[in-house]
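Structure record follows, encoded as structure tokens.
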Amino acid sequence: MKISKLILSFILSTTLFAQVSFAQIASTEALGYGSSDTLSSKEKLAGILSREDVAKKFEELGVDVKIVEARVASMTDEEASIVANQIDTLPAGADVGMSIVGAIVFVFIVLLITDILGLTKVFNFTKPITN
Amino acid sequence: MKINFALLLALASLIFSTGCARNTPFPKDANVSSYSIDVPFVAPRSELCGSTSLEMLSSYWQSKGSYTPKLSLKELDERTLIPLKGGTLQIELIAAARANGLLVYPLEPNFDALFMELKANHPVIVLVNRGLSWYELWHYAPVSGYDAKTQTILMHFSEEPNEAVPIETFAAIWKRSGNWGVVLLPPDELPSSASPKKYLQSAYDLEKIGMVDEAIVAYKSALSRWPQDIPMLFALGNVYYSTNQISSAEERYREILLIDKTHPLALNNLADLLCHTDRAEEALRVIDTAETTDTKILSIINATRQEIIKGCTLH
């Protein structure tokens, strides 16, 4: 919580600072790539709040508190809000060394066969049959 | 016996239904030749394929010349792994790559774009589902080439470098991630499959997270390919202005007005710049030529005019 408050105050202060010194500048976002969707202050606030959410969720998921701030800071507002809203369903690329101990026999056989057919690539010892 | 029968039936239907995945969209006939990129290999470590893939590409670009990674392998590990998810989110793979000083360009989700990048010696990190849609085993790996003779994709998939994966297998496991891939590049290098609009987004993302120097290099290299691209000139002008490189900013805004003398955003920012560099009269002339029907932009223009009239006291 402490960390996320830090982030919040940091971002708020930079946002405010930017607004004071460049009040009349049209930002690159104002291009809107054809339309006019500049970020309203409401959307900016949503971005800040989602960073706080992400930080909280990361801590719950075992991310080292010391690194949470840096991780959240390297995301854009859009990215932070996607992570905040969808973290439970987003895929997380893991690794090749799958433990088959936990996998039930059914899954094992299916994956073995699909591996051999070249539809999946789970086990390192299979070689797909291809023509 | 009953169970075995059910099992067989389930298997048969599964194989039958996924069989259509074999009609893959890769360019089978065309002049796809072989490509091989010498991406340094890093052995896999449990749950860290995201970080490992980033490391392999960073060392590749380091070996190519001017690029120096900003993060060590340990720092990449710390920035990508979510322990209780046992893996790395796509967004964090992207965020960590940017923090490492690389521009991240999202690959168009198809084989043409993949081969275009391989041809230009740009390795691509792909996300694949090694399992099935209902039994997901997500994995990141860098694609390092293609062997046209054996029709295999070369990638640092697992224990051995440049593992040859039959293209049909690759197509099947890649398709399950929606053909997701990213091109990671030092900012002075352009993706060969890039569009200016998407590239601007990637470069602007660098700027937004504070990698301003990298963003400037990226805008500039984009302008060497698309010299008349107004949004790119505008972005470069803005980043110069925000880092107090006033004359460079002014040049970019004026360049836009040479291409389109009515560009309201460029007129607005130029007027603001003139106002803050003691040229209020010219600023007023410039802002008075700015016209738009867009209410948001109009309110920015009006605010600028007000400020000029008040005497440009800020700054």
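Here the structure is a predicted model, which means the values were calculated and not measured. Throughout, protein chains are lettered first and strands after them, A, B, ... in sequence-line order, and every chain is numbered starting at 1.
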Pick one of side chain, backbone, both or neither for [X], based on which atoms fall under 4.5 Å of a heavy atom in chain A.
X	answer
R98(B)	side chain
A235(B)	both
I94(B)	side chain
E163(B)	side chain
I82(B)	both
T80(B)	backbone
L48(B)	backbone
E92(B)	side chain
N268(B)	side chain
R305(B)	neither

- Less than 4.5 Å apart, any side-chain heavy atom of P166(B) and any of Q151(B)? no

- Query: Measuring heavy-atom distances to chain B, does I67(A) have an atom under 4.5 Å in its side chain, in its backbone, in both, or in neither?
  - Reply: side chain

Testing the 3.5 Å rule here: is there a donor-acceptor pair between the side chains of [X] and [Y]?
X	Y	answer
S50(A)	S81(A)	no
S177(B)	N129(B)	no
Q201(B)	D205(B)	yes

Among [options], which has the most heavy-atom pairs under 4.5 Å with chain A?
options	value
N269(B), N238(B), T295(B)	N269(B)
T88(B), L93(B), T304(B), I173(B)	T88(B)
A99(B), S53(B), G131(B)	G131(B)

- Query: So is R71(A) actually on top of F58(A)'s ring, under 6.0 Å and inside 45° of the axis?
  - Reply: yes

- For the side chain to side chain contact (heavy atoms under 4.5 Å, CB included) test, which of D53(A), I82(A), L61(A) pairs with I87(A)? L61(A)

- Heavy-atom pairs under 4.5 Å with chain B, option from A92(A), G62(A), A80(A) with the top count: A92(A)

- Message: Angle between ring planes, Y253(B) versus Y241(B), binned at 30° and 60°: parallel, tilted or perpendicular?
- Response: perpendicular

- Side chain Y140(B), main chain Q90(B), donor-acceptor under 3.5 Å: yes

- How many angstroms lie between CD in E160(B) and CG in N124(A), if you round to the nearest 0.5 Å? 8.5 Å

- Task: Please determine if K74(B) and E78(B) form a salt bridge, counting it only when a charged side-chain N lies under 4.0 Å from a carboxylate O.
- Result: yes

